[in-house]
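Throughout, a chain's letter reflects where its sequence line sits, starting with A, and its residues are numbered from 1. The structure presented is a predicted model; accordingly, all values stated were derived computationally and were not measured. Note: hydrogens, waters and symmetry copies are ignored here, and every other heavy atom, side chains too, is used.
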Amino acid sequence: MRSELEKDNQMKDKRIKSSPLLSLRSGPYSVRIHLASLLTIVLLLTALVAVIFFALTTGSEAIPLHSVLAYLHLEALTTSSTANSTISNSTTVLSHALILDAFRAPRIALALFCGAMLACSGAVMQSLTRNGLADPSILGVREGAALCVVALILAAPGLSLAWRPAVGMVGGLASGIFVLLLARGSSSIRFVMIGISLSWFLSAAMMVLLAATDTKDLQTVLIWIAGSLQGATWQSVQLVAILFVTCFIALLFSAPSADIDALGDALSTSLGVRRKGIYMIRFSVAILLVAGSVSVAGSIGFVGLIAPHLARFLPNYSSRYHLISTSLIGAILVLAADTLGRAAFAPVELPAGVVIAVIGAPTLIILLWTRRNQL
Amino acid sequence: MSLSANTKTTQQWSNRSRVSFMLLLLIALSGLHLLYGARAIPLSTLPHALLHYDSHNFDHRVFVSLRLPRVLAMLLAGSCLAIAGYLLQVTLRNRLSDPHLLGLNAGASLAVVLVTAFPIAPMFTLVRPLVASAGAGLIFCFVLVISSAGKKGLQPLKLIFCGIAFSALAGAITSTILILDEDTLDQLRFWLIGDGAGANLNTVLISLPFAAAGLALSLLIMPQLSAMSLGDAMAKGLGASVQKVRFFSLCAAALLTGSAVSVVGPIGFVGLISASLWRGIHSRPSVSSLLLVALTGAALLMAADMAAISLFAPKELPTGALTGLVGAPVFLWIFVRRMR
């Protein structure tokens with residue numbers, strides 16, 4: 001697993017040498033801007049915007065682009081002729097705006113945030129465990145969060161939505177710390193195996209919980225478990241957005257130290273990295289991200305596994321850039337999967353989790369095949 | 001010479017006493033399972049219900065159409081899953097093997113769901129166990145191919161990861177079909193979560209020949225498997241053809257898993273738990289070990305099913321969840337003990 005990381009770094013070095021690097025300085029602060037990485041991010045953003053517009057327009061009620069633009073207060077972008085037509089039938093525009101505001105826009109926003117959160121936490125987990133196969137869904141964190149949230153939904157269905165992420169985080173952190181303590185460190189096979197068996201145990205416990213309780217909300221719980229973004233509201237989007245932004249900033253600031261940490265224990269300590277502190281911060285932030293996403297959107301697997309690997313194909317100067325492109329790819333993946341699940345078999349809706357799993361499981365198989373000599 | 005003969009006899013004796021103990025336990029558990037339930041029925045009704053079945057007598061009907069099929073299904077599925085797990089463990093030389101973990105259960109479920117959703121032939125119900133076996137075998141072939149590639153060959157971690165990946169793939173396809181096709185979901189709802197409540201006498205009877213074929217196959221190759229436990233070179237020297245034995249053993253495992261899954265649905269960890277309960281059965285595979293594991297598996301599943309009925313009394317838990325609840329820690333325990 002080490003050698004794989006080194007190979008990755010060597011490939012990165014080659015790319016770095018071949019592409020220009022800008023250095024901006026003002027006083028004690030300096031930023032290095034890597035042009036190829038920046039271009040990658042811009043391209044990913046463009047793709048993301050394209051997917052967002054596609055998702056906004058498609059659905060059971062096809063909404064034309066000019067209504068979407070009107071909803072987004074971007075009428076200036078439309079040509080004068082279409083603008084006239086929007087004025088002529090403003091009632092349809094109004095109803096379209098209602099559909100967009102109540103259903104599609106929050107759902108899309110939720111998909112974006114959840115995808116970015118899952119992808120980020122996957123990237124961090126993979127770098128912390130030095131294992132390219134680490135995924136929050138394999139390590140028991142997702143199941144721990146899910147179990148706690150289900151217990152909360154069943155015990156107190158009337159409770160405010162804001163409690164779910166909090167309780168989910170407690171569950172996720174508890175299971176993550178449990179695995180970490182039992183495995184005495186995160187870079188061994190033990191860690192993965194303990195995580196896997198914990199996730200089996202917790203999912204069995206969830207089945208028992210669901211079967212044992214007498215509930216009217218079973219349908220909501222089941223839809224939530226399948227990883228559907230159906231029940232998205234602006235309230236849940238707000239919650240997730242706050243969580244994502246805080247965690248993402250923490251990750252961005254700790255990324256350079258993590259880069260140095262990858263050089264090895266002795267070297268990073270002598271370079272002045274507080275290894276334990278950085279480790280604990282990144283580990284808990286990764287868990288918080290997964291737990292937050294699970295608590296609003298249910299179990300969407302494999303994003304944390306695929307997105308960092310896809311981002312590795314693109315030029316990334318440092319793990320900061322890698323983190324940003326990973327989160328963009330994660331957002332694109334989940335949104336595309338959700339839109340596909342919504343539109344492909346029109347009256348019936350496939351949960352995003354199922355669509356992602358259909359794509360993600362073969363990716364895991366391919367990863368296993370490419371790693372056949374290392375594992 | 002005399003010493004080794006001595007130890008052999010003690011080994012056989014202890015195995016024999018283990019087998020008889022498990023047999024007694026299994027009979028006791030089955031009897032309890034038959035008697036226990038929402039409606040208290042005295043034991044004396046049982047022979048009457050079996051010999052002079054009266055369709056107007058409510059007690060008789062509960063016995064014959066509800067409890068007896070369930071007990072038989074658990075007997076069949078438990079022993080089949082346990083033998084399949086044991087065969088996999090011995091053949092792959094990996095104690096962490098189980099039909100559920102290596103993708104056989106998921107493959108069998110996918111095959112059954114596929115054929116239910118797109119019926120090719122009306123005769124399907126008669127060959128459902130065979131279809132399930134084919135699905136299990138196919139997925140397991142993929143798992144084996146991917147996990148045995150590479151310089152180091154078959155590693156436990158790789159095997160488990162491949163099992164997870166292929167199970168996830170099969171599971172995702174299964175749930176896609178089920179979401180899109182509501183009729184199939186209605187037909188298979190109970191069966192899919194690994195619940196004994198859906199068992200009926202017909203499915204048990206249909207699976208019986210396939211299970212028997214799997215059992216016969218595993219009994220036939222047992223001497224050669226036992227030779228293989230001494231190492232491949234020694235086994236070749238003793239006249240066993242290693243590749244052929246492996247192939248037949250995996251075929252038998254697929255057949256057994258398929259017939260079990262087609263009766264009770266995907267239930268995991270039975271093979272893992274029941275083989276880990278007895279010390280020394282992996283080092284010297286024999287017919288008596290096989291019998292012991294089969295009895296243990298059946299007893300285990302019977303106990304799990306009783307717990308599923310009785311723990312939250314008016315509600316019924318899925319049996320597969322209970323075996324998972326016990327099985328996951330057992331998996332961890334085996335793994336940690338091996339690492340030491």
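Distance alone, capped at 3.5 Å, is enough to place a donor-acceptor pair between the A:R342 side chain and the A:A55 backbone. A donor-acceptor contact shorter than 3.5 Å is absent between the side chain of A:D338 and the backbone of A:A352. A donor-acceptor pair is defined here as one N or O able to donate and one able to accept, closer than 3.5 Å; no such pair exists between the side chain of A:S293 and the backbone of A:L289. Proximity of a side-chain donor or acceptor of A:R190 to a complementary backbone N or O of A:L182 within less than 3.5 Å is detected. Panel note: side chain A:R142, backbone A:S199; no donor-acceptor pair is recorded below 3.5 Å.
The candidate from A:F302, A:W369, A:W200 with the greatest count of non-hydrogen atom pairs under 4.5 Å with chain B is A:W200. Contacts with chain B were tallied for A:L202, A:T363, A:L350, A:I356; A:L350 has the most, counting heavy-atom pairs under 4.5 Å. Interface summary for chain B: among A:G341, A:A361, A:G360, A:A205, the most heavy-atom pairs under 4.5 angstrom belong to A:A361. Among the candidates B:L96, B:V145, B:V330, B:L101, the residue making the largest number of heavy-atom pairs closer than 4.5 Å to chain A is B:L101.
There is no contact between B:F142 and chain A, counting heavy-atom distances below 4.5 Å. Interface residue B:L325: backbone and side-chain heavy atoms are both found under 4.5 Å from chain A. Neither the backbone nor the side chain of B:L311 has a heavy atom closer than 4.5 Å to any heavy atom of chain A.
A heavy-atom distance below 4.5 Å is found between the side chains of B:L88 and B:L250.
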